[in-house]
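Read the numbers this way: they start at 1 and go in the same order the structure lists the ligands and their atoms.
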Amino acid sequence: MISLNLPKWYDLHVHVRQDAPMKDYIKAQIDMGCAGILAMPNTKPPVGKVFEKDNLPYWSIEHYKRAIEFHADGAFDQVIVPLYLTKDTSADMIEEGAKSGLLKACKYYPPHGTTNSDHGRPLQNFMDNGVFKAMEECGVTLCIHGEEHGLSGSDYFDNSGNAETKFYHDKMPHLYESHPSLKIVAEHITTAAAVKFVKGTGKNVAATVTPQHLLYTVGHLVQGFRYHLFCLPLVKFDEDRQALREAVTAIDNDKFFAGTDSAPHTTKATPCGCAAGCFTGQIAPQLYAEGFEAAGCDLNTEDAAKAFEKFLCLNGPAFYGFPPSKERFTLTREKSLSKPLQTESGAVVPLPVGLERPELDWSLVLE
Ligand code: DOR
Ligand code: ZN
């Protein structure tokens, strides 16, 4: 039986939300061997200021980070909360936040482009007001949701392009040229265009990849409209998935790493639409292992196991500048079952259950 003993890993893009279910979402991360998280700031209100004392109508990194650490009860050795970039973000905020050590990253949301992204502002705003310049100078990472916003339906998604390819063709090269030393994480990338962009940049640009984008294509979503697979950016085409698979499984990969974008919603489908987000808490390493196998990797071989460890456990910490975990966990190639997560606000359906494939090929054991 194949068994992979690995350092605990870091989920460098996850939504743990707020209020009562937050503790359950954090426990779901800990139960799958997470040594730390980068927790998304699209709460209500968003995490749009660094310090509690700042007179702005947002949550602070100080407050949100403390809440996460309280629920994690010592289980996380790294918690990064990026600052949500809003109309109120200034270069001074970046400088003071970075100096204090609290501000490690900022998050760009395309305005109205995804869940709780209404406080987002166009990318150009932060080029014009000196925010990106300050981030570049202070070594603060830009976590970027790379989709063009405000597009009509056919520009948003059709067979000649989509919001993500448009963003990586039209916006990212200009951003990179204007701020060549800015640390950028191209988040939850889904397209061959994004992979190509990231590969063509220096060491200061990296990307996260989710399990669902390694495993599925848009055909899996629309065949029977499997709305549990509806997330943003959308799953794409086979050639995109192939580019992602090649990027993450390459033995010399040091730019692509795990960030699940696990995004729990207790209500996914509503009478007038569907909440975007796949929940992969409790089971993400198992799904990533399935993704590597689907890409043709035999995880019983030393090279494939090493590439998997780099993607899941090593590249992310190296990019963000902290050491890999000293604690370990084990994945074995034994069937296990994925189950809904019960929270005080209702049940959350994990992706494989939503796809009526609750049986996983891998099991996870914590030491
Ligand atoms: O699918 C998504 N869900 N994409 C995002 O960008 C946000 C996330 C959420 O917060 O639910
Ligand atoms: Zn996200």
side-chain contact (heavy atoms from CB on, under 4.5 Å) assessment of Arg226 paired with His220: CA-CA 7 Å; Arg226 300 288 179 174; His220 296 100; over 6 Å; no

Under 4.5 Å side-chain linkage, directly or through intermediates, the cluster mates of Phe225: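 Noted: Phe225 shares its cluster with Leu151, Tyr156, Phe157, Leu215, Tyr216, Val218, Leu221, Val222, Tyr227, Leu229, Phe230, Leu232, Leu234, Val235, Phe237, Ile283, Leu287, Leu351, Leu355, Leu360.
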
From Phe257, Phe322, Tyr320, Phe319, residue fulfilling ring pair (Phe, Tyr, Trp, His ring centres under 6.0 Å) relative to Tyr10: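 Among the candidates, only Phe322 passes.
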
Does ligand 1 have an atom under 4.0 Å from some heavy atom of [X]?
X      : result
Met40  : no
Arg17  : yes
Asn116 : no

Which of the atoms of ligand 1 are close to [X], meaning less than 4.0 Å from one of its heavy atoms?
X      : result
His145 : 6 (O)
Cys231 : 1 (O)
Ala263 : 3 (N), 8 (C), 9 (C), 11 (O)
Asp261 : 4 (N)

Derivation of the side chain to side chain donor-acceptor pair (under 3.5 Å) call for Ser60 and His63: CA-CA 5 Å; Ser60 66; His63 164 88; 5.5 Å; no

Testing the 3.5 Å rule here: is there a donor-acceptor pair between the side chains of [X] and [Y]?
X      : Y      : value
Gln18  : Trp59  : no
Thr217 : Asp238 : no
Glu147 : His145 : yes

Residue pair Thr330, Ser3: steps toward the side-chain contact (heavy atoms from CB on, under 4.5 Å) verdict: CA-CA 7 Å; Thr330 303; Ser3 174; 3.4 Å; yes

Pairs flagged by ring pair (Phe, Tyr, Trp, His ring centres under 6.0 Å) wherever residues 281-301 is involved - sequence neighbours left out: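 Ring pair (Phe, Tyr, Trp, His ring centres under 6.0 Å) check on residues 281-301 returns Tyr288-Phe311, Phe292-Phe308, Phe292-Phe311.
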
All pairs passing ring pair (Phe, Tyr, Trp, His ring centres under 6.0 Å) where residues 72-97 contributes a residue, at least two apart: Tyr84-Tyr109

Shortest reach to atom 8 (C) of ligand 1 by a heavy atom, considering only Glu187, His15, His13: His15

If we only count N/O pairs under 3.5 Å, is [X] in contact with ligand 1?
X      : answer
Leu232 : yes
His188 : no
Gly277 : yes

Mutual orientation of the aromatic rings belonging to Phe126 and Phe132 [parallel < 30°, tilted 30-60°, perpendicular > 60°]: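 Answer is tilted, since the angle falls between 30° and 60°.
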
Protein heavy atom at shortest distance from atom 3 (N) of ligand 1: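 For this ligand atom, the closest protein heavy atom is Ala276 O, 3.0 Å.
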
Protein heavy-atom partner closest to atom 7 (C) of ligand 1 - residue, atom, separation in Å: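 The answer is Thr114 OG1, 3.4 Å.
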
Protein-derived N, O or S atoms lying under 2.8 Å from the Zn ion (ligand 2), waters excluded: 3

Test: Glu290 and Arg357 ion pair at under 4.0 Å: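 Yes, charged N to carboxylate O under 4.0 Å.
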
